[in-house]
Amino acid sequence: TQEAATTGTGKGSSGETVTLQTYQSNGTYYLYDTSKPMDGIIRTYTANQGSSLPGNYVTDADNNFQSSNQAAAVDAHYFAGLTYDYYYDTHGRNSYDNNGSDLISTVHYGSNFNNAFWNGSQMVYGDGDGSTFSPLSGSLDVVAHELTHAVTDTTANLVYQDQPGALNESMSDVFAVIVEAENGDFDWQLGEDIYTPGTPGDALRSLENPELYDQPSHMDDYYNTSADNGGVHTNSGIPNKAFYYIANDIGLDKSGDIYYRALTSYLTSQSDFEDARNALLQSAEDLYGANSTEYQAVSDGYAAVGIG
Ligand SMILES: O=C(NO)[C@]12CC[C@H](CC1)C2
Ligand SMILES: [Ca+2]
Ligand SMILES: [Zn+2]
């Protein structure tokens with residue numbers, strides 16, 4: 001059979017045309033990227049509104065993925081590549097497990113499904129119902145959020161419950177902000193590109209002002225609940241706000257290095273917010289010294305949210 005790695009184009013949900021790393025086999029083009037240094041590949045599928053995974057490869061006849069029903073797949077494929085690049089170029093991490101495993105994404109999962117998730121092996125994106133969400137792969141911060149769950153699961157493996165769970169969520173929001181900023185799209189919001197398409201300017205969460213979307217930003221307002229695994233998507237506002245203070249103090253790059261070191265070298269499955277403060281302080285000391293402004297920024301940021 002005749003086959004080769006190819007470079008194509010595609011139109012994502014934003015309407016912009018992007019360059020895609022594709023693969024051609026017997027005259028059909030696949031969303032199958034073999035261009036990364038990892039021995040794995042980036043491959044994107046569609047569940048065709050079903051729920052079996054990974055589903056079918058997304059293909060095209062002329063290597064120009066321009067049709068509207070391909071937009072969600074174009075976004076998932078392209079944004080997965082950007083997120084891979086961030087972890088490899090910035091931290092030398094080869095895929096989510098630092099072992100070059102494939103990045104597998106499936107779009108068009110379920111019917112009007114208002115969610116996205118990492119299922120332990122791959123990323124899965126719903127189409128949204130068109131009111132609460134548009135197709136959920138349409139936002140780089142959401143793709144980076146999901147892939148960071150995979151990084152967390154293969155490192156600290158923070159239990160998805162109560163404070164460790166809120167920390168798990170916060171780590172995904174932290175790197176979502178950083179990956180967007182690295183790609184020239186900096187903001188403190190999560191999901192602004194896919195949340196409530198009919199309401200411009202809002203988002204799912206704000207790290208600058210968690211209260212905007214009913215999240216606390218201080219330990220005094222920690223939300224005790226049994227819902228949502230102990231409020232992991234609510235209480236993440238507290239470590240998120242601490243990151244906002246720290247990054248405003250020392251910048252996103254240094255913050256990203258401190259957070260990556262804490263996530264991969266010090267945090268463990270039961271780490272709580274106090275443990276996160278200590279892990280981040282230790283990481284800042286390792287990288288910049290105990291008397292550094294970076295160390296002080298971590299201490300101040302956590303103190304400002306009532307921790308430490
Ligand atoms: O925070 C999340 N998952 O833990 C979300 C929920 C809606 C967006 C896609 C996945 C963000
Ligand atoms: Ca954002
Ligand atoms: Zn999450």
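Values in this document were obtained by computation on a predicted structure and should not be read as measured data. Below, each value reflects all heavy atoms present in this structure, side chains not excepted, and no hydrogens, waters or symmetry copies. Each ligand, and each atom within it, is numbered from 1 in the order the structure gives.
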ask   = Is the CG atom of Asn291 crowded by more than 12 outside heavy atoms at less than 6.0 Å?
value =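 Not buried by this count: 12 neighbours or fewer within 6.0 Å.
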ask   = For Val124, which fellow cluster members are found when Ile, Leu, Val, Met, Phe, Trp and Tyr are connected by side-chain heavy-atom distances below 4.5 angstrom, either directly or through intermediates?
value =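 Val124 shares its hydrophobic cluster with Leu53, Tyr109, Phe113, Phe117.
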So, [X] and [Y]: side-chain donor and acceptor under 3.5 Å apart, yes or no?
{"X": "Asp300", "Y": "Tyr295", "answer": "no"}
{"X": "Tyr125", "Y": "His108", "answer": "no"}
{"X": "Gln189", "Y": "Asp187", "answer": "no"}
{"X": "Asp141", "Y": "Ser139", "answer": "yes"}
{"X": "Tyr260", "Y": "Arg93", "answer": "yes"}

key: Ring center gap for His91 and Tyr86 short of 6.0 angstrom   =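 Yes - the distance between ring centres of His91 and Tyr86 falls below the 6.0 Å cut-off.
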N/O/S atom name from [X] that is nearest to the position of the Ca ion (ligand 2):
{"X": "Asp187", "answer": "OD1"}
{"X": "Asp141", "answer": "OD2"}
{"X": "Glu180", "answer": "OE1"}

request  = Indicate the atoms forming the closest heavy-atom contact of Val151 with Leu263, along with that distance.
outcome  =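 Looks like CG1-CD2, 4.1 Å.
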I'd like to know: is the Ca ion (ligand 2) within the 3.0 Å range of an N/O/S atom from [X], strictly under that distance?
{"X": "Gln189", "answer": "yes"}
{"X": "Asp185", "answer": "no"}
{"X": "Asp193", "answer": "no"}

Cationic N near anionic O, under 4.0 Å, Glu169 to Arg205 =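 Between Arg205 and Glu169 there is a salt bridge, with a charged N closer than 4.0 Å to a carboxylate O.
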key: Protein residues that have a heavy atom under 4.0 Å from any atom of ligand 1, sorted by chain and number   =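 The 4.0 Å shell around ligand 1 contains Asn115, Ala116, Phe133, Leu136, Val142, His145, Glu146, His149, Tyr160, Glu169, Leu204, Arg205, His233.
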message = Checking one value in my table: which N/O/S atom of His145 lies closest to the Zn ion (ligand 3)?
response =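 Minimum-distance N/O/S atom of His145 relative to the Zn ion (ligand 3) is NE2.
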request  = Give a yes/no answer: is there an N/O/S atom of His233 under 2.8 Å from the Zn ion (ligand 3)?
outcome  =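 It does not: His233 brings no N, O or S atom closer than 2.8 Å to the Zn ion (ligand 3).
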query = So, Glu169 and the Zn ion (ligand 3): N/O/S under 2.8 Å, yes or no?
reply =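 Given the 2.8 Å cut-off, Glu169 counts as a ligand of the Zn ion (ligand 3).
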